[in-house]
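Here's the structure we're looking at; comments come further down.
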Amino acid sequence: MQSSRILLLAKTFVMVYILGNDQAADMLQNSIILLLVLELISKEDADEALQDISEGKKQESTEFHFKLSREEVDDTVQELRKLAEKCTVEKASSSLLETAEFIDDFWQEY
């Protein structure tokens with residue numbers, strides 16, 4: 001998975017965290033960790049994304065928005081869906097699919 005797409009997960013985490021959706025934020029953070037455990041992303045990419053999350057948690061303003069293209073979001077969602085299809089662990093696969101659908105729905109509003 002490309003690091004720009006992993007960072008999109010982190011950016012989405014920051015947005016939903018600031019908006020107060022802790023359950024969705026936890027899901028996104030756990031998805032990054034899951035991708036690392038499944039060796040679908042590098043430790044460096046995971047560290048960078050988790051660092052962005054840590055810094056994002058310090059933001060207090062709901063005016064904190066990221067500029068992302070619809071293409072970036074669509075590419076990330078598609079890649080997560082493909083990774084979910086390839087995943088042989090059913091729980092992990094469904095978790096990645098849930099994350100993909102959440103990201104798709106979330107960024108349609110922004």
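Computed from a predicted model, the values in this text were never measured in an experiment. Starting from 1, each residue takes its place in the sequence as its number.
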Compare all side-chain heavy atoms of [X] with those of [Y] and state whether any distance is below 4.5 angstrom.
X	Y	answer
M15	W107	yes
L96	L35	yes
T12	V73	no
I32	L50	yes

Measure across [X] and [Y] and return the closest heavy-atom pair with its distance rounded to 0.1 Å.
X	Y	result
A100	L80	CB-CB, 3.8 Å
I41	A46	CD1-CB, 3.8 Å
L9	I103	CD2-CD1, 2.9 Å
D26	F13	N-CE1, 4.4 Å
S93	C87	N-SG, 3.9 Å

Determine whether D104 and R81 satisfy the following criterion, side-chain contact (heavy atoms from CB on, under 4.5 Å), listing intermediate values before the conclusion. CA-CA 11 Å; D104 193 31; R81 287 176 179 154; 3.7 Å; yes

Treat each ILVMFWY residue as a node, draw an edge where side-chain heavy atoms are under 4.5 Å apart, and state whether [X] and [Y] are in one component.
X	Y	result
F102	L40	yes
L19	L8	yes
I6	F106	yes
V77	L28	yes
L38	L97	no

Tell me if a side-chain donor or acceptor on T99 pairs with a main-chain N or O of S95 at a distance below 3.5 Å. yes

Please report the interatomic distance CD1(I53) to NZ(K11), rounded to the nearest 0.5 Å. 12.5 Å

When rounded to the nearest 0.5 angstrom, what distance separates CG in D45 from NZ in K43? 11.5 Å

Between R70 and D75, does at least one N-O distance fall below 4.0 Å, as a salt bridge requires? no

